[in-house]
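Computed from a predicted model, the values in this text were never measured in an experiment.
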Amino acid sequence: MSVKLRDGTGRTHNVYINFENETLTSEIEEKPVSMDKVCFTRYLELLTEKCKKLASYWDTLDDIDKSVCVLQPQHPKRFELWRRIAVGELATALVELSPDSNYPRIVVYGPSSVADPLNAKVKKNASTLWSNVRTARENLEAVLACQLPEATFDQGDVKLDC
C-alpha cells in the first residue's frame with residue numbers, strides 16, 4: 001500500500017507500507033523502517049519534518065539537475081544530496097549538499113593539471129561566493145570560476161581515465 005505525502009513546495013513523496021515485512025519506506029529515506037520501531041502516523045510526522053528541513057536543498061538539486069550536465073546519479077532519489085557534474089571534457093566535480101553547511105562541499109576530479117587549480121579555486125571561493133540569491137549553476141560557476149557545460153552536454157564527451 002502507498003500514501004502520497006505533499007510537502008510545502010508541492011512536491012509529492014510516496015510512502016510505502018509493506019504489511020508482509022512490517023516495514024515503512026519512502027523516497028526520502030534510504031532504508032526501510034520497522035513498524036515495530038515507529039507507528040505510521042509518527043513516521044509521516046517525521047517525514048514531514050524532514051521535508052521542511054530539506055526543501056531548500058531539493059530546490060538546489062532540482063536546479064542543478066535542470067541546468068548542469070549531471071553524470072551521476074542517473075536517476076536521483078530525494079535522499080541523495082549529491083551530484084557528480086561535468087566541469088568540462090577532462091574534469092568532473094562532486095557536489096555534496098549538507099544541512100550542516102551553508103554551501104556545498106565541492107571536489108573536482110580529473111588530471112591534476114586541470115583538477116588542482118579548480119580545487120584551489122573552490123577552497124578559496126566556496127565560503128565567500130556561494131549565495132542564496134543566485135541559482136545553483138551561477139554559484140557553481142562563480143566558485144569554480146569557469147563556464148559549466150549545459151544540461152544537454154553529451155556525457156560521452158567527458159574523457160577521464162579511471
Next on the checklist: Ignoring hydrogens, what is the shortest heavy-atom contact between Tyr16 and Ser2? Give both atom names and the distance.
Outcome noted: CD2-CB, 3.5 Å
Checklist entry - Arg6 and Thr12: which non-hydrogen atoms are nearest, and at how many Å? => result NH1-OG1, 3.2 Å
Item to check | Connected via hydrophobic side-chain network under 4.5 Å: Phe40 and Met35 | outcome: yes
Next on the checklist: I'd like to know if the side chain of Ser101 and the backbone of Leu97 have a donor-acceptor N/O pair within less than 3.5 Å.
Outcome noted: no
Checklist entry - More than 12 non-hydrogen atoms from neighbouring residues, nucleotides or ligands closer than 6.0 Å to CG on Asn132, yes or no? => result no
Next on the checklist: Could you check whether Glu49 pairs with Lys53 (Lys NZ or Arg NE/NH1/NH2 to Asp/Glu carboxylate O, under 4.0 Å)?
Outcome noted: no
Checklist entry - In the single-linkage hydrophobic clustering (I, L, V, M, F, W, Y; side-chain heavy atoms under 4.5 Å), do Val33 and Val3 co-cluster? => result yes
Checklist entry - Are Arg11 and Thr9 close enough that a side-chain donor and a side-chain acceptor fall under 3.5 Å? => result yes
Next on the checklist: Any salt bridge linking Asp62 with Arg78? Criterion: basic side-chain nitrogen under 4.0 Å from a carboxylate oxygen.
Outcome noted: yes
Checklist entry - Heavy-atom distance under 4.5 Å between the side chains of Ser26 and Leu5, does that happen here? => result no
Checklist entry - So, for Pro149 and Arg137, which heavy atoms are closest and what is the spacing to 0.1 Å? => result O-NH1, 3.3 Å
Checklist entry - Is Asp65 paired with Arg83 through a side-chain N to carboxylate O contact shorter than 4.0 Å? => result yes
Checklist entry - Can you name the closest pair of heavy atoms from Ala115 and Val108 and give their distance? => result CB-O, 3.7 Å
Checklist entry - Taking NZ, NE, NH1 and NH2 as the nitrogens, is one of them in Glu22 or Lys37 under 4.0 Å from a carboxylate oxygen of the other? => result no
Next on the checklist: Please give me the minimum heavy-atom distance between Glu30 and Phe79, naming the atom from each residue.
Outcome noted: CG-CE1, 3.4 Å
